[in-house]
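Here the structure is a predicted model, which means the values were calculated and not measured. FYI, the numbering just counts along the sequence from 1.
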Amino acid sequence: MHGLRPSRVRVSVVEYKRHLIEAFEDQPGRWFAYFRRLDGQNITGTESNNLRTPAARYSKEDAIEFAKAAIDGLPDA
């Protein structure tokens, strides 16, 4: 037996302005968020329908607020 334990990732999902935000903790105290359009279309100015927040936040709430601010900054939000 190698002694490694499976990682436990905590996730929270929120809908905001026709986007789905998925906040996740990749390590204790390091929260990120992915967000994507609910209609499956690419996010304006990108070739993708989802984006990840570029920096870790210390809480789920902070990661969600960071993603909401990014969505608010989109031209079609």
Min side-chain heavy-atom separation Tyr34-Leu51 under 4.5 Å: no
Test side-chain hydrogen bond (donor to acceptor under 3.5 Å, both in side chains) applied to Asp72 - qualifying residues, sequence neighbours left out: Tyr16, Lys17
Which residues share a side chain to side chain contact (heavy atoms under 4.5 Å, CB included) with Asn42, sequence neighbours left out: Asn49
Distance in Å, Phe35 CZ paired with Thr53 OG1, rounded so as to fall on 0.5 Å steps: 8.0 Å
hydrophobic_cluster_shared for Phe32 and Val13, side chain cutoff 4.5 Å: yes
Transitive ILVMFWY side-chain link Leu74 to Ile21, under 4.5 Å: yes
Partner set under side chain to side chain contact (heavy atoms under 4.5 Å, CB included) for Arg37, not counting sequence neighbours: His19, Asp39, Gln41, Ile43, Thr44, Asp76
Test salt bridge (charged side-chain N to carboxylate O under 4.0 Å, His left out) applied to Arg18 - qualifying residues, sequence neighbours left out: none
Name the atoms and distances for all side-chain donor-acceptor pairs under 3.5 Å in residues 54-71, with sequence neighbours left out.
{"unit_1": "Ser59", "atom_1": "OG", "unit_2": "Asp62", "atom_2": "N", "d": "3.1"}
{"unit_1": "Ser59", "atom_1": "OG", "unit_2": "Asp62", "atom_2": "OD2", "d": "3.4"}

Distance in Å, Ser12 OG paired with Phe24 CZ, rounded so as to fall on 0.5 Å steps: 12.5 Å
